Engineer: 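The structure that follows is given in the form of structure tokens.
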Amino acid sequence: MARRLPLAYYQSDDVTGIARDLLGKILVTRFEGQLTAGRIVEAEAYMGPVDRASHAWNNRRTARTEVMFSAGGVAYIYLCYGIHHMMNVVTGPAGQPHAVLIRALEPLEGLDIMGQRRNLAVDHPRLTVGPGALARAMGLHVQWSGTSLTRRQSPLWIEEASSLSPESICAGPRIGVDYAGEAASWPWRFFIRDSAWVSARRKCT
DNA sequence: CACGGGATCGTCT
DNA sequence: GACGATCCCGTGT
């Protein structure tokens, strides 16, 4: 098993840099002894205070978004459309509510478990594609919002992996944030150009 | 492949 | 009481 990303990794100010750098890293969960893992192939940065697409826009604090204001290195998981659980990585120092939404994985381990959770065949091409889909496949649920990604006993974490070449990474506008005005066009969605496991528009911009 | 609609509920107005 | 950082299935081309 590879080394876990250290706490300092998450506490950088540079949320777009982290979103880009998380590509290729391995997201792992072990809930009730069931190990599942996938390679991050698509992620979006949400820059808290200045980003109208962010739940923490203008430093808005609510019970739900409070974990976004924690120091980086914890999960922010929320329920979307009453159905889908969205997995985010909180980044930055305490008080700075930046986060990275994990949008797609390439499944690596525990595919049988993922298939059961998704009620799909193990070799389904969309087993872990899309934020709601991957959260379900990995067993992620709002009950785990606020959980550390770095504590030794944590059931979810991210493992180190070699960096990708800049040419293999694409950037473009984020998905589903049309309500966010000017922020909707900011190119803060990052994905691996050649991955078959990317969720939406594949064109590089 | 593109589009449209239904599912479903916590959160904030 | 309205509305999502979505998904899946159906229809039509």
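No experiment lies behind these values; they were computed from the predicted model shown.
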Engineer: Before accepting this row, confirm whether a basic side-chain N of the pair A/Glu160/A/Lys25 lies closer than 4.0 Å to the acidic partner's carboxylate O.
Structural biologist: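 Yes, A/Glu160 and A/Lys25 are salt-bridged.
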
Engineer: May I ask you to evaluate whether A/Tyr179 reaches the phosphate of C/dC3, defined as a side-chain N or O under 4.0 Å from OP1 or OP2?
Structural biologist: no

Engineer: What's the CG-P distance between A/Leu140 and C/dC7, to the nearest Å?
Structural biologist: 14 Å

Engineer: Categorize A/Ala133 for me: base, sugar-phosphate, or nothing, with a 4.0 angstrom heavy-atom threshold over every strand shown.
Structural biologist: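 Sugar-phosphate: the residue A/Ala133, judged by heavy atoms under 4.0 Å, touches backbone atoms but no base.
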
Engineer: In residues 77-109 of chain A, which residues come under 4.0 Å of DNA chain B by heavy atom?
Structural biologist: A/Leu79, A/Tyr81, A/Gly82, A/Ile83

Engineer: Would you mind reading off the distance between A/Asp178 atom CG and C/dC3 atom C1', rounded to a whole angstrom?
Structural biologist: 15 Å

Engineer: Rounded to whole Å, how long is the line connecting atom CD1 of A/Ile175 with atom P of C/dG4?
Structural biologist: 16 Å

Engineer: When we call it a touch if two heavy atoms are under 4.0 Å apart, what does A/Arg118 touch: a base, just sugar-phosphate, or nothing?
Structural biologist: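 Here A/Arg118 touches the backbone only, sparing every base.
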
Engineer: Using a cut-off of 6.0 Å, state whether more than 12 heavy atoms not belonging to A/Arg118 lie near its atom CZ.
Structural biologist: yes

Engineer: Mark yes when over 12 heavy atoms from residues, nucleotides or ligands other than A/Glu32 sit less than 6.0 Å from its CD; otherwise mark no.
Structural biologist: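 Counting neighbours around CD of A/Glu32, 12 or fewer heavy atoms of other residues, nucleotides or ligands fall under 6.0 Å, so no.
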
Engineer: Could you identify the nucleotide paired to C/dA5, looking across every strand shown and requiring Watson-Crick or G-U wobble geometry with both distances under 3.5 Å?
Structural biologist: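 No nucleotide pairs with C/dA5.
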
Engineer: Near A/Arg126 CZ, under 6.0 Å, is it more than 12 heavy atoms from other residues, nucleotides or ligands?
Structural biologist: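 Counting other residues, nucleotides and ligands, CZ of A/Arg126 stays at 12 neighbours or fewer.
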
Engineer: Heavy-atom count check: over 12 atoms from other residues, nucleotides or ligands less than 6.0 Å from A/Glu182 CD?
Structural biologist: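 No, the 6.0 Å shell around CD holds no more than 12 heavy atoms from other groups.
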
Engineer: Using side-chain heavy atoms (C-beta onward) and a distance below 4.5 Å, is A/Arg136 in contact with A/His85?
Structural biologist: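 They are not in contact (no side-chain heavy atoms under 4.5 Å apart), so the answer is no.
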
Engineer: Kindly give the heavy-atom pair with the smallest separation between A/Ser163 and A/Asp21, and that separation in Å.
Structural biologist: OG-OD1, 4.3 Å

Engineer: B/dT8 pairs with which nucleotide, Watson-Crick or G-U wobble, both distances below 3.5 Å?
Structural biologist: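 Here B/dT8 is not engaged in any pair, so there is no nucleotide opposite it.
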
Engineer: How many whole angstroms separate atom CZ of A/Arg136 from atom P of C/dC7?
Structural biologist: 12 Å

Engineer: Are A/Ile18 and A/Trp157 connected, step by step, through hydrophobic side chains (Ile, Leu, Val, Met, Phe, Trp, Tyr) whose heavy atoms are closer than 4.5 Å?
Structural biologist: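 Unlinked, A/Ile18 and A/Trp157 end up in two clusters.
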
Engineer: Polar pairs (N or O, both sides) under 3.5 Å between protein and nucleotides 11-13 of chain B?
Structural biologist:
unit_1	atom_1	unit_2	atom_2	d
B/dC12	OP1	A/Thr62	OG1	2.2

Engineer: Give a yes or no on this: more than 12 heavy atoms of other residues, nucleotides or ligands lie within 6.0 Å of atom CG of A/Asn58.
Structural biologist: yes

